[in-house]
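All remarks here apply to the structure that follows.
Here the structure is a predicted model, which is why all the values come from computation and not from measurement. Chain naming here is simple, since letters A, B, ... match the order of the sequence lines and numbering starts at 1 in each.
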Number of protein chains: 2
Amino acid sequence: MARKPPTKPRKNASQARSRATVDALVEATARILVREGFEKASTNRIAEVAGVSVGSLYQYFPSKEALVAAVIDRHNEEIMGFVRGAFVEVADMPVEPAVRRLVTVAIESHHINPRLHRVLDEQIPRAGKLDVEASNREVHALVRSYLESRRAELRKIDLGLAAFVCVSTIEAIAHNTVLNQAEMLSEKMVKTLIDETTRMVVGFLK
Amino acid sequence: MARKPPTKPRKNASQARSRATVDALVEATARILVREGFEKASTNRIAEVAGVSVGSLYQYFPSKEALVAAVIDRHNEEIMGFVRGAFVEVADMPVEPAVRRLVTVAIESHHINPRLHRVLDEQIPRAGKLDVEASNREVHALVRSYLESRRAELRKIDLGLAAFVCVSTIEAIAHNTVLNQAEMLSEKMVKTLIDETTRMVVGFLK
DNA sequence: AGAAAAAGCGAGTTATCGCTCGCATTATAT
DNA sequence: ATATAATGCGAGCGATAACTCGCTTTTTCT
């Protein structure tokens, strides 16, 4: 008897239907954030929408913040999936088409879940925002290493600085395009915008 | 007798020491945001730090949000003061030095109260963020009208689009420079960054 | 000086919300 | 079958925070 000490510190991994519970909780949180806003996302409400009890919620998430962080993480990973794929695609391309592709992907990736993206951007008090910062660093590193591989095509410039400028620029334009300009963007406008952004960045690098 | 109906709807203008009270409240809010963070900025605490009572607070501000909005407004107006000045300076300059000046001002303006700027950016759930949006529109209009006045120097390009790209780019680089890269920036690095950003934007426009 | 209005006060009300805890149900192991 | 662990439940506790209200103090006006 007494195989093991019951080990119940809090927030354990899962191995069956508990997975479903965790998923339901994260999904419910995302839905509430989108449909009712951050303020309405109380733990009781989240549990209710997820169809589980508050008690269950606290078995898997030590705090409300952890839950929101999980939503952010999930969304972030979706986007990073796209982005990493783009860098693989682009690895052997010359600068101009590569930049064009990356700009396009930056804009597309903001379309994954724009309503959630907006809420996360505008309403969530990201204290440490460790995840986002990690993604930023990763993107920076990816850009930098691509630029290194194409150094021959580029003018003399510090690659760290170049990567910083490229990432900031492309991200900002993609972000503002999708979130600020509402969704009233014609296909053609977007095409023009991609052309112009590409032109600017390529002109800067060469 | 009965000169006027007592008119006490809430949140009236002021005409004496009440100005001081209002100022103290806004200032206290800003200080708490910077020193203790958004979560600690309760109305009771704000009143305490301002040296007034909660009751007085609610005579001038109908809600906590109104107070935070006032802080945002004040900070925004400080920055917009700089920015408007820059556009006056720049009005008769050719594109290259004008862009250089605007990039410099964008970076400088993030140095006005960086700690507050960071808190407002990271911790404040800006619901409508009407003020910020208004500032954005104003900056966009200023850039656009400058570009119009220099149309002869520019390549053929839609000026609205050009303004959008310029504003997004310069703002993002300034923002990331001051807030993300910590404050570990040498004078020389900043100079290089201004050079490179100017080069990119000017190259894009011409 | 005296009255009325403006400004200020702060204990208390009300409500919400994060989170716990003891117990019930379901799955796994022997 | 029965013990043991895993999962789930939800009423309720404790804390906190936004905001009110009746009252006092200060200023303004005549």
Side-chain angles (χ1 to χ4, degrees), chain A residues 1-26 28-29 32-33 36-71 123-125 127, chain B residues 1-26 28-29 32-33 36-71 123-125 127:
Chain A
M1 326 107 194
R3 305 286 176 107
K4 280 177 186 174
T7 52
K8 281 178 61 183
R10 185 72 55 71
K11 187 186 187 251
N12 243 353
S14 35
Q15 62 197 175
R17 78 193 142 149
S18 55
R19 276 281 172 74
T21 301
V22 170
D23 274 7
L25 284 166
V26 176
T29 306
I32 295 172
L33 288 178
E36 309 177 36
F38 180 69
E39 304 223 311
K40 294 293 183 62
S42 68
T43 51
N44 285 309
R45 180 106 185 86
I46 291 169
E48 180 191 324
V49 170
V52 303
S53 75
V54 223
S56 297
L57 186 157
Y58 279 95
Q59 284 207 341
Y60 302 107
F61 297 93
S63 69
K64 181 191 166 180
E65 282 71 38
L67 212 20
V68 173
V71 172
Q123 293 186 34
I124 309 296
Chain B
M1 324 101 196
R3 306 288 176 109
K4 279 178 187 174
T7 53
K8 281 178 61 185
R10 183 74 55 70
K11 190 188 187 246
N12 244 353
S14 34
Q15 62 195 177
R17 77 193 143 147
S18 55
R19 275 283 172 72
T21 301
V22 170
D23 275 7
L25 283 166
V26 176
T29 306
I32 294 171
L33 288 178
E36 309 176 36
F38 180 69
E39 304 223 313
K40 294 294 182 65
S42 69
T43 51
N44 286 310
R45 180 107 185 86
I46 291 169
E48 179 190 324
V49 170
V52 302
S53 75
V54 222
S56 297
L57 185 156
Y58 279 95
Q59 284 206 340
Y60 302 108
F61 297 93
S63 70
K64 181 189 165 181
E65 281 71 37
L67 214 20
V68 173
V71 172
Q123 291 186 36
I124 309 296

Separation between CG (L67(B)) and CD1 (I46(B)), nearest 0.5 Å, reads 4.5 Å

dG8(C) OP1/OP2 closer than 4.0 Å to side-chain N/O of T21(B)
yes

_Looking at Q123(A) and F38(A), would you say the former's side chain and the latter's main chain have a donor-acceptor pair under 3.5 Å?_
yes

E36(A) atom CD is separated from dC17(C) atom P, nearest whole Å, by 11 Å

**Asked** OP1, OP2 of dC17(C) versus side-chain N and O of T43(A): anything below 4.0 Å?
**Response** no

Of the listed dG8(C), dG18(C), dA11(D), the closest approach to the N44(A) side chain comes from dG18(C)

Which of dG8(C), dA27(C), dC19(C) is nearest the side chain of R17(B)? It is dG8(C)

Check: Taking OP1 and OP2 of dG8(C), is either one under 4.0 Å from a side-chain nitrogen or oxygen of Y60(B)?
Finding: yes

Against the side chain of S42(B), the closest entry in dA17(D), dA11(C), dC19(C) is dA17(D)

Identify whether any heavy atom of V52(B) sits under 4.0 Å from a base atom; if not, whether one sits that close to sugar-phosphate; answer base, sugar-phosphate or nothing.
sugar-phosphate

When rounded to whole Å, the CZ to P distance for the pair R45(A) and dC19(C) reads 18 Å

Sorted by chain and number, sequence neighbours left out, side-chain hydrogen bond (donor to acceptor under 3.5 Å, both in side chains) with R45(A) holds for E36(A), E48(A)

For dC9(C), take OP1 and OP2 only and decide whether either is under 4.0 Å from a side-chain N or O of S56(B). yes

For S56(B), the side-chain hydrogen bond (donor to acceptor under 3.5 Å, both in side chains) test, sequence neighbours excluded, returns S53(B)

